[in-house]
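Notes to accompany the following structure.
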Protein chains: 2
Amino acid sequence: MTAVEDGLRLETRERPDHETARDLVAAAIDAGALVTAVGRCTVDYEGRASSTLGPGERLVMLKPDGAALVHTDEGQQPVNWQPPDCEHEATLDGDGLLLIESHRETPEEHLAVSFESVLEVSAYGLTDERDLSLEGTEEDLRQRILDEPYLIEEGFIPLATERETPAGAVDIYGEDSEGRAVAVELKRRRVGPDAVGQLGRYVDAMERDLHAETEMRGILVAPSVTDRASRLLAERGLEFVPLTPTGTPESAD
Amino acid sequence: MTAVEDGLRLETRERPDHETARDLVAAAIDAGALVTAVGRCTVDYEGRASSTLGPGERLVMLKPDGAALVHTDEGQQPVNWQPPDCEHEATLDGDGLLLIESHRETPEEHLAVSFESVLEVSAYGLTDERDLSLEGTEEDLRQRILDEPYLIEEGFIPLATERETPAGAVDIYGEDSEGRAVAVELKRRRVGPDAVGQLGRYVDAMERDLHAETEMRGILVAPSVTDRASRLLAERGLEFVPLTPTGTPESAD
DNA sequence: CAATGGATATCGGGC
DNA sequence: GCCCGATGTCCATTG
């Protein structure tokens with residue numbers, strides 16, 4: 001019985017032989033620990049796409065929720081990965097070398113990491129309450145507008161959030177001071193053409209719903225807008241109001 | 001002089017005191033090693049947004065390229081992070097506890113991880129050739145069409161890729177058997193409304209360029225399409241051709 | 001530098 | 001389970 005199975009919090013092997021590494025990784029997976037394995041390896045992936053990665057030194061992380069990450073010494077993103085809810089397995093291949101595999105269905109995906117050498121293997125028993133508090137999101141921008149509707153313009157009245165249209169949900173639906181219907185699309189950061197297309201789809205869908213004679217307004221709310229997006233807004237008769245989620249002043253175009 | 005500075009490949013401390021942890025992390029950052037630090041900590045971030053994370057046990061990874069990752073026991077994504085090209089620093093705070101910070105400018109961003117306890121600290125000297133070969137991408141889909149244009153339709157002739165329009169670059173520009181201009185937008189996976197909007201913008205822009213009388217065709221190429229996107233395609237007079245990057249048959253709508 | 005769009009995007013909410 | 005849109009998205013490419 002290993003320390004991990006005993007409920008201890010940490011088990012590490014430096015430069016273990018492959019069998020020792022396999023034993024620890026397998027036990028740690030069973031015990032619900034977070035595992036790291038560092039060494040020279042190759043990586044093969046097959047699923048939504050497929051990839052191969054030749055020999056190199058990387059860090060492999062296996063999480064108890066079934067996520068797997070292969071990190072090189074560069075980049076924020078892992079070079080290979082599996083999302084949560086995968087099944088992890090540690091075995092010895094035909095040459096007696098450590099093989100870590102991760103598999104899931106829907107979609108069918110398989111990741112295999114074949115180690116030539118193992119620098120270190122560690123198992124950590126982690127607990128986390130996981131109460132991240134994040135500010136400066138699109139939700140903060142929405143709340144800011146609901147609290148102070150005049151930030152959109154004098155006389156603007158919010159009537160609904162996430163109002164459904166055939167093209168999707170409008171972030172804020174309301175009326176202007178002359179009673180015209182207004183669709184507001186929110187973005188927490190500077191926007192490009194995509195956001196204009198999104199707002200345009202909503203406005204088109206609502207105009208169709210409200211019958212042709214009613215004039216809809218569409219307002220894009222974001223810290224700023226790119227040149228091309230600005231031109232697209234003008235072409236489609238849509239408007240822009242500069243506003244940040246936090247109230248911090250930023251350059252507004 | 002530590003082992004890391006000597007060029008050794010691995011240096012680990014299990015349950016180190018905070019000063020020992022600080023020394024190793026600081027030396028490893030200087031030496032260009034990849035660092036992991038596991039322990040109970042709080043995390044504060046301030047930058048494009050801001051966040052706080054209360055006490056919990058996490059794994060912090062510092063990469064020699066300046067990236068930083070804070071991983072909990074759940075999720076593929078780190079709960080906090082910094083992109084590459086940040087400056088990392090390991091110090092002792094006023095209470096003598098390990099403090100890992102990461103900072104960058106443009107945009108101004110700061111990450112601070114305050115450790116209450118340190119389970120383990122490791123430094124790895126990694127080298128990686130980083131030669132990932134990936135198949136099943138949009139680029140593969142494009143090449144497949146350029147090799148076999150009839151997959152779009154009988155008589156289709158590709159004339160250009162990434163052809164610029166005022167609305168952005170069209171993936172493939174070509175002509176049909178009757179000489180009409182065709183814009184083709186490629187997606188490697190099932191598409192929703194966004195892709196329709198993207199194609200629509202290109203077609204509108206090209207029709208404007210080619211003068212009003214010329215009839216443009218817009219074709220969306222993807223494995224399949226959602227209901228709403230299908231309706232949007234019909235509304236805008238755009239077309240859909242089911243095709244996968246690899247040729248593997250998938251359910252096509 | 002900004003801008004644009006892809007990604008094995010991941011993630012969460014709604015239906 | 002699919003669909004849809006947000007993300008501190010990251011990231012490569014291009015101007």
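Given the structure is predicted, the values throughout are model-derived calculations rather than measurements. Proteins get letters first, then strands, A, B, ... in listed order; numbering begins at 1 in each.
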Produce the list of close N/O pairs, under 3.5 Å, pairing protein atoms with atoms of nucleotides 13-15 of chain D; give distances to one decimal.
none

To the nearest angstrom, how far is [X] atom [atom1] from [N] atom [atom2]?
X: B/Arg190; N: C/dA7; atom1: CZ; atom2: P; answer: 18 Å
X: A/Arg228; N: C/dT4; atom1: CZ; atom2: P; answer: 5 Å
X: A/Asp85; N: D/dG1; atom1: CG; atom2: P; answer: 10 Å
X: B/Arg231; N: D/dC3; atom1: CZ; atom2: P; answer: 12 Å
X: A/Gln198; N: D/dG5; atom1: CD; atom2: P; answer: 6 Å
X: B/Trp81; N: D/dT9; atom1: CH2; atom2: C1'; answer: 7 Å
X: A/Leu141; N: D/dG5; atom1: CG; atom2: P; answer: 18 Å
X: A/Ile172; N: D/dA6; atom1: CD1; atom2: C1'; answer: 15 Å

Between [X] and [N], is there a contact of a side-chain N or O with OP1 or OP2 at under 4.0 Å?
X: A/Tyr45; N: C/dA7; value: no
X: A/Thr226; N: C/dT4; value: yes
X: B/Arg188; N: C/dG5; value: no
X: A/Thr106; N: D/dG1; value: yes
X: B/Tyr202; N: C/dG5; value: yes
X: B/Arg189; N: C/dA9; value: yes

| Working for side-chain contact (heavy atoms from CB on, under 4.5 Å), residues B/Gln76 and A/Leu69 | CA-CA 7 Å; B/Gln76 180 191 321; A/Leu69 304 169; 3.6 Å; yes
| Residue pair B/Lys63, B/Leu126: steps toward the side-chain contact (heavy atoms from CB on, under 4.5 Å) verdict | CA-CA 10 Å; B/Lys63 291 194 177 189; B/Leu126 300 187; over 6 Å; no
Integer angstrom distance from the [atom1] of [N] to that of [M]:
N: C/dA9; M: C/dG5; atom1: C1'; answer: 13 Å
N: C/dT10; M: C/dG6; atom1: C1'; answer: 14 Å
N: D/dG5; M: C/dT8; atom1: P; answer: 22 Å
N: D/dG8; M: D/dC4; atom1: P; answer: 23 Å

Does any N or O donor sit under 3.5 Å from an N or O acceptor when you compare the side chain of [X] with the base of [N]?
X: B/Gln82; N: D/dG8; result: yes
X: A/Asp194; N: C/dG5; result: no
X: B/Glu109; N: D/dG8; result: yes

| said: So if I take residues 55-78 of chain A and measure heavy-atom distances to DNA chain D, which residues fall below 4.0 Å? | reply: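 Only A/Gly75, A/Gln76, A/Gln77 qualify.
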| request: Check whether more than 12 heavy atoms from other residues, nucleotides or ligands sit under 6.0 Å from atom CD of B/Glu87, and answer yes or no. | output: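 No.
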| Hey, which of these two, B/Pro83 or A/Gly168, hits DNA chain D nearer its 5' end, going by closest nucleotide? |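 Closer to the 5' end of DNA chain D: A/Gly168.
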| query | Which residue, B/Pro193 or A/Leu134, contacts DNA chain D at a nucleotide closer to its 5' end, judged by nearest heavy atom? | reply |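 Nearer the 5' end of the strand: B/Pro193.
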| said: Pair B/Lys187, B/Asp194 - check salt bridge (Lys or Arg N to Asp or Glu O under 4.0 Å), show working. | reply: CA-CA 11 Å; B/Lys187 294 295 171 191; B/Asp194 276 10; over 6 Å; no
| said: Out of the candidates A/Leu146, A/Asp171, A/Ile145, only one should pair with A/Thr161 under the side-chain contact (heavy atoms from CB on, under 4.5 Å) rule; please name it. | reply: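 That would be A/Leu146; it is the only one of A/Leu146, A/Asp171, A/Ile145 passing the side-chain contact (heavy atoms from CB on, under 4.5 Å) with A/Thr161.
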| request: Sort out for me which residue in A/Thr52, A/Val113, A/Asn80 forms a side-chain contact (heavy atoms from CB on, under 4.5 Å) with A/Tyr45. | output: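 Testing each of A/Thr52, A/Val113, A/Asn80 against A/Tyr45, the sole residue satisfying side-chain contact (heavy atoms from CB on, under 4.5 Å) is A/Asn80.
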Is it the case that [X] and [Y] place a side-chain donor and acceptor less than 3.5 Å from each other?
X: A/Arg190; Y: A/Ser224; value: yes
X: B/Ser114; Y: B/Asp93; value: no
X: A/Glu108; Y: A/His103; value: yes

Any base atoms under 4.0 Å from [X], or only sugar-phosphate, or nothing? Heavy atoms, all strands.
X: B/Ala195; answer: nothing
X: B/Glu162; answer: nothing
X: B/Ser50; answer: nothing
X: A/Pro84; answer: sugar-phosphate
X: B/Thr137; answer: sugar-phosphate

| request: Take A/Glu235 and B/Arg201 through the test salt bridge (Lys or Arg N to Asp or Glu O under 4.0 Å) and record every step on the way to the result. | output: CA-CA 11 Å; A/Glu235 283 176 17; B/Arg201 290 201 304 277; over 6 Å; no
| task | Verify salt bridge (Lys or Arg N to Asp or Glu O under 4.0 Å) between B/Asp227 and B/Arg231, making sure each step is shown before the conclusion. | result | CA-CA 6 Å; B/Asp227 250 20; B/Arg231 241 170 277 128; 3.5 Å; yes
| task | Could you give me the CA-CA distance, side-chain angles and deciding distance for B/Asp128 and A/Arg58, then say whether salt bridge (Lys or Arg N to Asp or Glu O under 4.0 Å) is met? | result | CA-CA 7 Å; B/Asp128 191 345; A/Arg58 291 124 199 173; 2.7 Å; yes
| query | Of all the nucleotides listed (C/dG5, C/dT8, C/dA7), which has the minimum atom distance to the side chain of B/Lys187? | reply |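 Closest of the options to the side chain of B/Lys187: C/dG5.
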